[in-house]
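Being a predicted model, the structure only gives us computed values, none of them experimental. Read the numbers this way: they start at 1 and go in the same order the structure lists the ligands and their atoms.
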Amino acid sequence: MSNARRNAYLEVLGLPAFVLRRRPDGGAPSDRSEAWTRLQARVAACTRCALSATRTQTVFGVGDTRAAWLIVGEAPGAEEDRQGEPFVGRAGQLLNSMLRAIGLRREQVYIANVLKCRPPANRDPLGSEVAECLPHLQGQIALLQPKIMLAVGRIAAQNLLRTDESLARLRHRVHAFGESRVPLVVTYHPAYLLRTPADKRKAWEDLKFAREVFARV
Ligand code: URA
């Protein structure tokens, strides 16, 4: 994404466009981290949908804000809602192992969800909730500028790609996310893999595929 396009996008979201300004002391650029802080505060205060009434807290995202890899799940579960961090439950442990299998530590990637609030009883996100929440993720993507996105699970993949194609049909392909056409690869959700360990082998194929795609970008 060009700087002009990214800044135009941030402006639409009401976030300050930033220039990579150096501090007088020669320190790191600060505007970027201010933009992240503003976006996180905006998400924390969000009441765009009814999930704001039932959440314990918003679950913004975690990881390296300069990461090349963006991992996107569906929505926070009970443990994430309690701790305020995505993928911290059993599925999160498996996600960490999946990342390690392709040489990535959790701290080296950025992890977020399509929804920032937990749907009651972990039901699937409603279309209206996704529509209200997606601008938050788009803001994160505009700031992060990832080189590759990994959508974990059918719900995340279908909502990001605006399709109702099955997960089976979405795997093994390089999709392009949004206007910036970020390469996006789809794999199984770790919670599904906990229930269906026989499919871990297929997830491993997806991860190797994603690693190959990343090597080419
Ligand atoms: N499942 C998700 O999709 N996201 C989380 O953060 C946790 C479980």
Side-chain angles (χ1 to χ4, degrees), residues 36 39-40 43-44 46 49 51-52 54-65 67 69-101 104-141 144 146 148-167 170-171 175 177 184-197 199-200 202-203 206-207 210:
W36 275 103
L39 179 57
Q40 184 154 9
V43 169
C46 182
C49 81
L51 296 182
S52 58
T54 51
R55 72 183 178 218
T56 302
Q57 58 191 313
T58 54
V59 178
F60 181 68
V62 73
D64 181 354
T65 56
W69 287 75
L70 171 61
I71 318 299
V72 185
E74 170 184 336
E79 200 50 42
E80 290 75 21
D81 174 71
R82 229 182 332 264
Q83 294 192 34
E85 183 171 326
F87 284 103
V88 287
R90 278 185 71 219
Q93 300 301 316
L94 181 53
L95 178 65
N96 294 348
S97 305
M98 290 163 71
L99 293 172
R100 270 200 305 274
L104 293 167
R105 280 177 293 109
R106 182 177 170 92
E107 305 73 43
Q108 278 178 296
V109 303
Y110 196 84
I111 305 175
N113 283 307
V114 172
L115 291 193
K116 307 303 185 210
C117 297
R118 180 190 182 210
N122 296 345
R123 64 155 170 74
D124 288 352
L126 303 177
S128 56
E129 292 160 355
V130 173
E132 295 295 352
C133 212
L134 212 49
H136 295 320
L137 181 64
Q138 285 164 336
Q140 290 173 302
I141 293 168
L144 186 66
I148 187 165
M149 291 170 65
L150 181 69
V152 296
R154 177 182 63 84
I155 302 279
Q158 289 180 338
N159 281 299
L160 291 172
L161 298 171
R162 295 174 194 274
T163 178
D164 54 12
E165 279 192 278
S166 69
L167 187 86
L170 294 171
R171 293 176 57 233
H175 306 271
F177 176 79
L184 183 151
V185 171
V186 172
T187 191
Y188 293 95
H189 194 287
Y192 166 81
L193 294 172
L194 287 171
R195 295 191 301 271
T196 321
D199 278 348
K200 282 187 182 172
K202 292 197 219 160
D206 298 336
L207 292 168

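Residue A75 places a heavy atom under 4.0 Å from ligand 1. The closest approach between H189 and ligand 1 falls below 4.0 Å for a heavy atom of the residue.
The proximity of E80 to ligand 1, defined as any non-hydrogen pair under 4.0 Å, is limited to the side chain.
For atom 4 (N) of ligand 1, the closest heavy atom belonging to the protein is N113 OD1, 2.8 Å.
When each atom of ligand 1 is checked for a heavy atom of P86 under 4.0 Å away, the hits are 6 (O). In summary, the atoms of ligand 1 found under 4.0 Å from a heavy atom of G73, numbered by their order in the structure, are 3 (O).
The residue from I141, V185, L144, V186 that alone fulfils the side chain to side chain contact (heavy atoms under 4.5 Å, CB included) condition with M149 is I141.
Heavy-atom minimum distance, G139 versus L39: C-CD2, 3.5 Å.
Between the side chain of T196 and the backbone N or O of L193 there is no donor-acceptor pair closer than 3.5 Å.
The aromatic rings of F60 and W36 lie perpendicular to each other, with more than 60° between the two planes, well past the 30° mark.
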What do the steps show when you test Y188 against K202 for side-chain contact (heavy atoms from CB on, under 4.5 Å), and what is the final call? CA-CA 8 Å; Y188 293 95; K202 292 197 219 160; 3.4 Å; yes

